[in-house]
Amino acid sequence: MVPPATFTSYYGRPVLKASPWKDDIPAYLFLGGLAAGSSLLGAGADLTHRPRLRQSSRVAALAAISASMAALVHDLGKPSRFVNMLRVAKPSSPMSMGTWLLTAYGPMVGLAGVAELAPGRLGRLLAPLARPAGLVAALTAPAVASYTAVLLADTATPAWHEAYRELPFVFVGSAAAAAGGLGMLASPVAESGPAQRLAIGGALLELGMERRMERSMGLAAEALHEGKPGRLWRTAERLTALGAVTALGARRSRVLGVLSGAALLTGSACTRFAIFEAGQESARDPRYTVVPQRERVDARQG
Amino acid sequence: MTTNPALDAGWVDPPPRQGFFTDTSICIGCKACEVACKQWNDVPDDGMQLLGSSYDNTGALSGSTWRHVAFIEQPVPAVSLGMPKIGLPGQQSGAERTDFRWLMSSDVCKHCTHAACLDVCPTGSLFRTEFGTVVVQEDICNGCGYCVPACPFGVIDKRVGEGVKNEGIAQKCTLCYDRLHDGLTPACAQACPTQSIQFGDLDELRERAAARVEALHDSGVPSARLYGESPDDGVGGLGAFFLLLDEPEVYGLPPDPVVTTRELPQMWKKAGLAAATLLAGAIAVFAGGT
Ligand code: SF4
C-alpha cells in the first residue's frame, strides 16, 4: 500500500486532542504491571515454599501498587475528588472498571505485603491472613495487568486505538518480564527459578506480540518508529531481548540474574513510555487521523 | 430510523432531541457566536495570539473555547471575464492569475448520538440530558482527562489557566442547557446574524438541511454537502451537524469519525484472553520444577 503523498488539514493543526496525561500515566502502566506480576510470583512462591521469593514479591507488589496509586491520583485535575470514581460502575469506561479492580486488588496486596513487613504481634496477627489475601490478589492481578491496554485503546488516539488487538498481550508480557526480572534481582538463586521462567516467557510474549502489533496497526505504527517514542521503542526492544538472553544464565550466576533483572525492568518501563508517547504524537499529527479516514471514505465511495 | 439518545439514557417521555444545524455557506465570519458563548457561559479569557491563519486567532475548540470560527482561504481558478490583463501588452507575467474563496465555519461540540466522552467518563460527570445533548457536571468531574483523547473530534478539554473558574475540569459546549430549560435559543444561535447557526428539533433541522443542499446544488454549488446528519455514520449521527462546501478535513473535521467504544467488546475480549494467558503462564512457571 502506497500512502497518499499529501493530505489536507486545517493549517496542519491536530484534529484530535492528545490526552492531558503526563508521565504519571505511563509510570502507572509500568508499576501496575510490575505489581500484578509480583503478586502472581508471591502467591506461587507461597504455595511452593519459596519464602525469600514470596517475601520479596509481596513487598515489591505493595511498593509498586502504592506508587502507582499515588501517580494516578496525582494526575487528576482535582485530586481531592478521586472518590468520585466510586459513584458509579460503568462497563463502558475502562477507567471506571479499573478503579473497581484496583479497589479489590489493592487492599489484598496491602495485607499480604504488610504481613511480610510488620514486626512482632502485628506480624503474627496478620500471618494467617497473608495467604488468602495473596491468593485473591494473584487471581485479580492478571486483569490489573491487562485492563490498562483497554484503557489506552478505548480512545480516538490512533496509535492506541489501532493497537487494541495485541496491546493487552504486550502489556501482560511486559508485566511478566518486569516482575520476573525483579524476582531474579531480589531473591537468591536457589529460589529464583520461577522468576527466571516468568521473565523469559514474558519477554518472548512481549517481543512477539509487538511485531504482530506493528503489522496490524496500519499507518499508526509509524508513530512507534519516529522521534522520541521511536528511540524509546528501540531501547525497550533491545533491553528486553538482552534481559531474556541474560536470564538464561541467572540460575548459575547471581550477577547475570541481577543484570537481566535490571535490563528487563528498564525495558518494561521503556515499552510503556514508548507506547504512551507514540499515542500522544499520533493525536497531535493530523496525518494519523485524516489519512486512514480519508482512505475509508474513498473506498466506500468506490 | 432516528434513535433518541435521551430515551436510551433512561429519560421518560423526553422532549424532542435538540440540536444545531450550522450552514457554513452563509457564515460571514463575524465571530458573534464565539463572543456570545463566552459571555453567556462565563467562559474565561484564554489569551489572544496572532496565529497567522487568516482571521482565525482562536485556533481550536478547548476547555475555554466552545465555539470556534474557522477561516480557510482557498485559491480557485479565476473566472475569465474577458477583461484586459494587467501589465504591458504582450508582457508575460509568468504566474497564472487565480482568484480565491473564503470558507468560514463555526465549529462546536457535536453532541454525538454515541458520545465517546460520555461512555468513558468514570465518574458519571458527563451525562445525557433530556434534550439528547451531552453535558459535563462540573461539580462531579475530577479532572481525570479520559474524555479528552476519547472524543473523535478533539472537542472536549481540561480547562487550563492559573486560578480560573473550573481549572483542571473537563469543559465544553452545553448547548446552553440552562437556556434550553427556559425555552430560550442557545446564545450562539441567538447571536448569529445570518442564521448560519440554526437551533431546533433535530428532525426538523435535518429536513431543512436536506432542502438547503438541494437548493445549493440547483443554484450551481455542487460542492455543498452535509456532515454528520446521517444516523448511519460511525457516531450514530451528530446532534450538531454541518453543511460544508469542501471536504471535512479542510475545516479540521475528521472525514470518517468512529466512536471508539464501538470496538470495546472486542477490546475486553482480548484483554480477558491476555489475562488468562498471564495466569496460565504464572501457574506453568511454578509447575516447572526448581
Ligand atoms: S463531539 Fe466530542 S465532546 Fe462532543 S459529544 Fe461528541 S465525543 Fe463528546
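So that the names make sense, note that chain A is the first sequence line, chain B the second, and so on, each numbered from 1.
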Under 4.5 Å to a heavy atom of chain B? For A/Pro292 that would be neither

Please identify, among B/Ala70, B/Pro248, B/Gly272, B/Gly281, the residue contributing the most non-hydrogen atom pairs under 4.5 Å to chain A. B/Ala70

Return the CG to CZ distance between B/Leu278 and A/Phe169, rounded to the nearest 0.5 Å. 11.0 Å

Regarding B/Ser125 and A/Arg87, do their side chains bring together a donor and an acceptor under 3.5 Å, going by distance alone? no

Top contributor to chain B contacts, counting heavy-atom pairs under 4.5 Å, from A/Ala149, A/Pro20, A/Ser19: A/Pro20

Tell me, for A/Ala283 versus chain B, whether the close heavy atoms (under 4.5 Å) come from the side chain, the backbone, both or neither. neither

For residues A/Ser146 and B/Ala275, report the shortest heavy-atom separation together with the two atoms involved. OG-CB, 3.7 Å

At a 4.5 Å cut-off on heavy atoms, which part of A/Met97 comes close to chain B: side chain, backbone, both, or neither? side chain

To the nearest 0.5 Å, what is the distance between CG (A/Leu40) and CD1 (B/Ile283)? 8.5 Å

Considering non-hydrogen atoms only, spot the tightest contact between A/Arg296 and B/Val258 and give its length. NH2-CG2, 3.7 Å

So which part of B/Ala116 gets closer than 4.5 Å to some heavy atom of chain A, the side chain, the backbone, both or neither? neither

Audit row: B/Lys270, A/Glu166, side-chain contact (heavy atoms from CB on, under 4.5 Å) steps and yes/no: CA-CA 8 Å; B/Lys270 298 280 180 191; A/Glu166 296 86 10; over 6 Å; no

Nearest heavy-atom neighbours spanning A/Val297 and B/Pro255: CG2-O, 3.7 Å

Other residues, nucleotides and ligands only: do more than 12 of their heavy atoms fall within 6.0 Å of CZ on B/Arg225? yes

First locate atom OG of A/Ser9, then atom CG of B/Leu253, and finally report the distance between them rounded to the nearest 0.5 Å. 12.0 Å

Determine the option with the most heavy-atom pairs under 4.5 angstrom with chain B, choosing from A/Val88, A/Val150, A/Thr99. A/Val150

Tell me, out of B/Ala282, B/Cys121, B/Gly168, who's got the most heavy-atom pairs with chain A below 4.5 Å. B/Cys121

Of the backbone (N, CA, C, O) and the side chain (C-beta and beyond), which part of B/Cys151 lies under 4.5 Å from a heavy atom of chain A, both, or neither? backbone

Should A/Gln293 and B/Pro257 count as side-chain neighbours, where that means a heavy-atom distance under 4.5 Å? yes

Grab the two heavy atoms, one from B/Pro122 and one from A/Met95, that are nearest each other, plus how far apart they are. CG-SD, 3.7 Å

When you compare the side chains of B/Asp56 and A/Tyr11, does any donor N or O come within less than 3.5 Å of an acceptor on the partner? no

Quick one: what part of A/Leu41 sits under 4.5 Å from any heavy atom of chain B, side chain, backbone, both or neither? both

With heavy-atom distances below 4.5 Å as the criterion, would you say the side chains of B/Tyr146 and A/Leu151 are in contact? yes

Which answer fits B/Ser53, side chain, backbone, both or neither, if we ask what part of it has an atom under 4.5 Å from a heavy atom of chain A? both

Would you say B/Met267 and A/Arg165 make side-chain contact, with heavy atoms under 4.5 Å? no

For B/Gly143, does its backbone N or O pair with a side-chain atom of A/Arg81 as donor and acceptor, under 3.5 Å? no

Within the side chain of A/Lys78, is there an N or O that forms a donor-acceptor pair under 3.5 Å with the backbone of B/Cys144? no

Quick check on B/Phe127: does its CZ atom have over 12 non-hydrogen neighbours (other residues, nucleotides or ligands) under 6.0 Å away? yes

Counting only heavy atoms not in B/His217, do more than 12 fall under 6.0 Å of its NE2? yes

Chain B contact via A/Ala179 - which portion, at a heavy-atom distance below 4.5 Å: neither

How about CZ on B/Arg101, more than 12 heavy atoms from neighbouring residues, nucleotides or ligands closer than 6.0 Å, or not? yes

With a cut-off of 6.0 Å (strictly less than), are more than 12 heavy atoms of other residues, nucleotides or ligands near CZ of A/Arg252? no

Around B/Lys165, counting heavy atoms of other residues, nucleotides and ligands shown, do more than 12 lie under 6.0 Å from its NZ? yes

If you round to the nearest 0.5 Å, how far is CG of B/Asn142 from CE of A/Met85? 4.5 Å

Shorter than 4.5 Å, heavy atoms on both sides: which option in A/Gly180, A/Ser96, A/Ser92 has the most such pairs with chain B? A/Ser92

Rounded to the nearest 0.5 Å, what separation is found between the CG atom of B/Asp256 and the CZ atom of A/Arg294? 9.0 Å

Which bit of B/Leu273 is near chain A, if near means a heavy-atom gap under 4.5 Å: side chain, backbone, both or neither? both

Would you say A/Lys90's side chain and B/Val120's backbone share a donor-acceptor pair under 3.5 angstrom? no

Please classify the contact of A/Phe171 with chain B as side chain, backbone, both or neither, using a heavy-atom distance under 4.5 Å. neither

Please classify the contact of B/Ile140 with chain A as side chain, backbone, both or neither, using a heavy-atom distance under 4.5 Å. both

Taking all atoms of both residues into account, what is the closest heavy-atom pair of B/Ala60 and A/Lys17, and its distance? CB-NZ, 4.3 Å

Less than 4.5 Å to any heavy atom of chain A: does that hold for the side chain of B/Pro265, its backbone, both, or neither? neither

When the aromatic ring centroids of B/Trp268 and A/Tyr147 are compared, is their separation below 6.0 Å? no

When the 4.5 angstrom heavy-atom criterion is applied to B/Val155 and chain A, the contacting part is backbone

Evaluation steps, side-chain contact (heavy atoms from CB on, under 4.5 Å), between B/Glu249 and A/Phe7: CA-CA 9 Å; B/Glu249 58 265 41; A/Phe7 69 98; over 6 Å; no

Return the CG to OH distance between B/Leu103 and A/Tyr10, rounded to the nearest 0.5 Å. 10.0 Å

Would you find a donor on one side and an acceptor on the other, under 3.5 Å apart, between the side chain of A/Arg197 and the backbone of B/Val285? yes

For chain B, which candidate among A/Ile200, A/Thr155, A/Asp154 shows the most heavy-atom pairs at distances under 4.5 Å? A/Asp154

Closest contact, heavy atoms only, B/Pro152 versus A/Leu16: O-CD2, 3.3 Å

Select, from B/Gln266, B/Arg262, B/Glu263, the one with the greatest count of heavy-atom pairs under 4.5 Å involving chain A. B/Glu263

As an exercise: rank B/Ile72, B/Val148, B/Asp119 by heavy-atom pairs under 4.5 Å with chain A and give me the winner. B/Asp119

Residue, of A/Ala45, A/Gly37, A/Pro14, that accumulates the most heavy atom pairs under 4.5 Å with chain B: A/Ala45

